[in-house]
Student: 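I have a structure here, written as structure tokens, and I will follow up with some questions on it.
All chains are named by letter (A, B, ...) in the order of the sequence lines, taking the proteins before the strands, and each is independently numbered beginning at 1. Since the structure is predicted, the reported quantities are computational estimates derived from the model, not experimental observations.
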2 protein chains.
Amino acid sequence: MAKNKRDIDLKVKQDELESTATRLFLSLGYDGTSMGRIARELGVAPNTLYWYYASKDELLVGVLNRQMSQTLVRLPTIVEKSLKEKMAWALREFEQSRELVATVHARLEQSEVIREWHDQFHRFVEAAVIHTLQADGVAKERAAMLATVGTFLVEGLLAHPHSERQREAILQWFSESALPA
Amino acid sequence: MAKNKRDIDLKVKQDELESTATRLFLSLGYDGTSMGRIARELGVAPNTLYWYYASKDELLVGVLNRQMSQTLVRLPTIVEKSLKEKMAWALREFEQSRELVATVHARLEQSEVIREWHDQFHRFVEAAVIHTLQADGVAKERAAMLATVGTFLVEGLLAHPHSERQREAILQWFSESALPA
DNA sequence: CTTTGCTCTTGAATGGCATACAAGATGACC
DNA sequence: GGTCATCTTGTATGCCATTCAAGAGCAAAG
């Protein structure tokens with residue numbers, strides 16, 4: 001099956017591409033990284049990237065999915081932990097992507113693909129958090145609301161510089177207030 | 001005093017400029033609004049703007065300050081209200097600037113002026129919220145932490161689409177959890 | 001072995017962008 | 001009437017995402 005062979009090559013190439021793009025996006029930011037720069041780093045012409053991705057935003061989606069799938073691999077390590085520890089873990093996971101989180105929010109209005117990715121991401125995260133809360137004995141409606149609050153807190157902590165103590169205090173307070181005694 | 005006269009003219013011109021820039025930023029977004037577009041709308045050459053502002057980011061700061069000062073005028077109308085109502089008011093105030101809020105966060109890393117404005121803004125808001133919470137009998141340390149949480153919740157609600165019921169539920173829960181019985 | 005056709009890459013271009021610079025216009029003060 | 005600061009503009013630069021049409025490489029079909 002030559003078709004298959006080609007598909008594999010495609011995936012391999014996309015992987016190199018996204019790997020380079022990820023590194024640059026994380027170090028220089030999305031706006032600070034030009035398509036030309038990514039291409040130069042890969043040793044190809046700038047427009048080559050457009051054979052693989054229709055736009056810079058689609059490349060960003062590829063990068064985000066890549067980051068997400070790596071995070072998902074590490075997810076099982078915390079399923080048994082407390083709510084507070086789970087949130088602290090999420091913060092550590094996304095800390096290096098802080099800037100990309102802000103970029104995603106800023107591009108929501110301008111890019112359909114980003115909006116779709118963002119919405120899907122939130123649906124996934126909220127479902128997971130709701131599940132956790134329900135397992136801890138929180139009623140369904142309330143769990144949904146608290147899941148939203150939890151994600152807002154994580155996003156807020158990611159977006160704003162803060163001390164370890166502040167983070168600790170916020171997570172501690174949220175856990176206490178959210179969970180039944 | 002001719003100096004004074006000129007200063008007044010300057011302020012008037014800046015005001016027209018920021019008024020137009022505000023309208024465009026709010027309707028088309030920061031990235032969707034080019035300096036050229038603003039200039040065209042004002043009937044001047046694009047580079048004229050650079051006599052008044054050193055950069056597009058500085059113009060944005062002007063716009064943000066303008067919005068803020070308008071909000072400050074309305075601030076006294078809610079000093080007597082409950083924490084929950086205050087937060088709902090803040091959400092209504094900033095709702096039309098949703099996109100700019102995201103822009104500010106996205107540009108934090110790239111623009112020093114934006115970063116300074118943002119930090120100052122947060123210091124101001126947190127101080128105000130802490131004051132309110134302390135008046136409601138919350139201890140100082142705890143008030144500081146809750147003020148941060150409160151702003152994160154407002155920012156989260158601004159950044160993410162939600163129903164009236166969700167908003168209501170979140171604000172209600174936060175008020176109950178934050179304030180002493 | 002050659003032709004066809006698909007996948008991938010490129011050169012060259014387009015239009016837009018924020019911004020810089022130096023030359024002008026305007027109007028106040030000496 | 002000339003000088004000076006304030007304001008405006010023409011023109012240009014370099015960067016950007018993206019497009020398009022032309023090619024290179026290579027597999028399958030004849």
Student: Send over the distance from A:L42 CG to C:dC8 P, rounded to a whole Å.
Tutor: 15 Å
Student: How many whole angstroms separate atom OH of A:Y52 from atom C1' of C:dT7?
Tutor: 9 Å
Student: What is the per-nucleotide protein-contact pattern of nucleotides 16-24 of chain D, from the 5' end, where B denotes a base atom under 4.0 Å from a protein heavy atom, S denotes such proximity for sugar-phosphate atoms only, and - denotes neither?
Tutor: SSBBB----
Student: Starting at CD of B:E58 and ending at P of C:dA18, how long is that distance when rounded to a whole Å?
Tutor: 15 Å
Student: Indicate yes or no: does B:R167 engage B:E95 in a salt bridge with an N to O separation below 4.0 Å.
Tutor: yes
Student: Is any side-chain N or O of A:K13 closer than 4.0 Å to OP1 or OP2 of C:dT9?
Tutor: yes
Student: Output the rounded distance in Å from CG (B:L28) to C1' (C:dG16).
Tutor: 15 Å
Student: Does any non-hydrogen side-chain atom of B:V63 lie less than 4.5 Å from one of B:L26?
Tutor: no
Student: Grab the CD-C1' distance between B:Q14 and D:dC7 for me, whole Å please.
Tutor: 13 Å
Student: Given side chains that start at C-beta, do those of B:L59 and B:Y52 come closer than 4.5 Å, heavy atoms only?
Tutor: no
Student: Do B:L60 and B:K56 touch side chain to side chain, with heavy atoms closer than 4.5 Å?
Tutor: no
Student: Can you figure out which of C:dT9, D:dC7, D:dT9 approaches the side chain of B:A45 most closely?
Tutor: D:dT9
Student: CD of B:Q110 versus C1' of C:dA18: gap in Å, rounded?
Tutor: 13 Å
Student: From the options D:dT9, C:dC8, D:dC7, select the nucleotide whose nearest atom is closest to the side chain of B:V44.
Tutor: D:dT9
Student: Please state how far atom NZ in A:K11 lies from atom C1' in C:dC8, giving the value in whole angstrom units.
Tutor: 16 Å
Student: Which residue pairs satisfy the salt bridge (charged side-chain N to carboxylate O under 4.0 Å, His left out) criterion with at least one member in residues 66-86 of chain A, sequence neighbours excluded?
Tutor: A:D15-A:R66, A:R74-A:E93, A:K84-A:E168
Student: Can you classify the ring geometry of B:H160 versus A:F152 as parallel (below 30°), tilted (30 to 60°) or perpendicular (above 60°)?
Tutor: parallel
Student: Starting at atom CH2 of B:W51, determine the distance to atom C1' of C:dT26, rounded to an integer number of angstrom.
Tutor: 13 Å
Student: Can you list every pair that meets salt bridge (charged side-chain N to carboxylate O under 4.0 Å, His left out) and has a residue in residues 22-36 of chain B, with sequence neighbours left out?
Tutor: B:R23-B:E41
